[in-house]
There are 2 protein chains.
Amino acid sequence: MPDQKLRNMLQKRGLKATSQRMIILDYLMSHKTHPTAEMIHADLQTISLATVYNTLEKLVDSGLVVVIDSHDDKRHFDYYGEPHYHIINQKTHEIIDANNFDVQPLLDAARKASGLNISGYHIELYGVDPKDAK
Amino acid sequence: MPDQKLRNMLQKRGLKATSQRMIILDYLMSHKTHPTAEMIHADLQTISLATVYNTLEKLVDSGLVVVIDSHDDKRHFDYYGEPHYHIINQKTHEIIDANNFDVQPLLDAARKASGLNISGYHIELYGVDPKDAK
DNA sequence: CCTCTTTTTTAGAATCATTCTAATATAATA
DNA sequence: TATTATATTAGAATGATTCTAAAAAAGAGG
C-alpha cells in the first residue's frame with residue numbers, strides 16, 4: 001500500500017500520520033490473520049507493544065479496524081474495509097470472515113428497540129465442524 | 001424459583017446440582033442487571049469468587065447463560081431464557097435487551113458461508129443516545 | 001443412610017493481557 | 001525552523017481471570 005494512501009486514510013479521520021500508524025494499518029490491511037496486539041508486535045519488532053495497543057485503539061475508534069472477541073482471552077483485530085462478520089470455530093478458535101448477509105433489518109430493529117442511533121455492531125457466530133460433532 | 005426446578009435445569013444438562021450453582025442460577029434468572037462475576041460475588045457473599053467464575057463457565061457451556069462483551073474490560077453475564085441480543089450504549093455502557101428480530105436467516109447464511117454447524121452467536125450492537133450525539 | 005469415588009468448593013497465589021507513567025521524540029503548522 | 005500538541009517508548013502497575021492443592025459435598029450403589 002503506498003505511503004500517501006495510508007497517510008490520507010489516517011488524516012481523513014483526524015489521526016496524525018506517524019510512521020508507526022502507517023505500518024500497523026498497512027499490516028492489518030495486508031493480513032487476513034486476525035492478529036492480536038502481541039502478534040503484530042512480534043512481526044513489527046521496531047514498534048513497541050504500547051504503541052501497538054495505542055494505535056489499535058485509535059484505529060478502532062476511527063472505524064478502520066474492528067475488535068473480535070474470540071473467547072481465547074485475547075482481543076483480535078481485523079481491518080474493516082468491507083462490512084462483514086465473523087464465524088468462530090469453537091474447537092480451533094479459527095476466525096472465518098463472512099459477508100453474505102444484510103444487516104440493515106437488524107440495525108433498524110435495534111434502533112426501534114433502544115431509541116439509540118446505532119453506531120456499530122459485532123456479529124459473531126460460533127460453530128463446530130460437522131466432522132467434530134459427536 | 002423453587003429448588004427442584006433449579007435442580008432439574010442443572011441435572012438435565014449434566015451438571016451436579018450444588019447449592020452454589022442453584023443460588024447463582026437463581027440469581028441470574030431473577031436479575032436483569034447483566035452482572036459481572038465480581039458483582040455476583042459481592043451480592044452472594046457466602047460464595048467464593050473462584051466458584052462464581054467456575055459456575056459461570058459451566059452455565060455458559062451448558063447454554064443457560066451468555067457472556068456479553070460490553071467493552072468495559074469485564075465480562076457480563078445474562079440468563080438466556082429467551083433468545084435475544086444486546087444493544088450497548090457506547091457512552092454509559094448500559095446494556096439493553098432486545099428480542100424483536102429473527103436471527104434464523106443470519107444463521108443459515110453463516111452455515112452456508114462456513115460449512116460449520118452454528119452452535120451459538122453473539123449479536124451486540126453499539127449505539128449513542130441521539131441527545132448525546134454531537 | 002453408609003461407604004466410595006468423583007466432582008466441586010475454596011482461599012490465596014499466580015498469570016498475563018492490557019493500561020499507565022513520565023520522559024523523549026515527532027508531526028503539523030505557521 | 002520554532003512552537004506546541006500529540007505520539008512513542010520501556011518498564012512498572014493493574015486487575016480480571018485462572019490456577020493450585022487441600023477440604024467438602026454430590027451422586028451412585030449397596
For this session: Round to the nearest Å and state the distance from B/R21 atom CZ to D/dA24 atom C1'.
Result: 14 Å
For this session: Using only heavy-atom distances, determine whether the side chains of A/D43 and A/H31 contain a donor-acceptor pair under 3.5 Å.
Result: no
Problem set entry | A/H41 side-chain N/O to A/M39 backbone N/O, donor-acceptor pair under 3.5 Å | no
Exercise. Mind checking whether B/T36 and B/F77 have side chains closer than 4.5 Å, heavy atoms only?
Worked result: no
Problem set entry | Any donor-acceptor N/O pair, A/S30 side chain to A/D26 backbone, under 3.5 Å | yes
For this session: Find the distance A/I23:CD1 to D/dA7:C1' and express it as a whole number of Å.
Result: 14 Å
Exercise. Where does DNA chain C pair, written as one dot-bracket string 5' to 3', with Watson-Crick or G-U pairs under 3.5 Å, ( ) inside the strand, [ ] for crossing pairs and | for another strand?
Worked result: ||||||||||||||||||||||||||||||
Exercise. Can you check the B/L56 CG to D/dA16 P distance for me, whole Å?
Worked result: 15 Å
Exercise. Are B/D73 and A/R75 ion-paired here, with the side-chain N under 4.0 Å from a carboxylate O?
Worked result: yes
Problem set entry | Output field: ring centroids A/H34/A/H86 closer than 6.0 Å | yes
Problem set entry | Interatomic distance, B/L25 CG vs C/dT8 C1' [rounded to whole Å] | 16 Å
For this session: Using atom NE2 of B/H76 as one end and atom C1' of D/dT17 as the other, report the distance to the nearest whole Å.
Result: 14 Å
Seminar exercise, completed: Readout for nucleotides 11-30 of chain C: B = base within 4.0 Å of protein heavy atom, S = sugar-phosphate only, - = neither; 5' to 3' it is B-----SBBB------BS--
Exercise. Tell me, do B/T18 and B/I23 make a side-chain contact under 4.5 Å, heavy atoms counted?
Worked result: no
For this session: Check ring-ring contact (aromatic ring centres under 6.0 Å, His included) between A/Y79 and all other residues, then give those that pass, not counting sequence neighbours.
Result: none
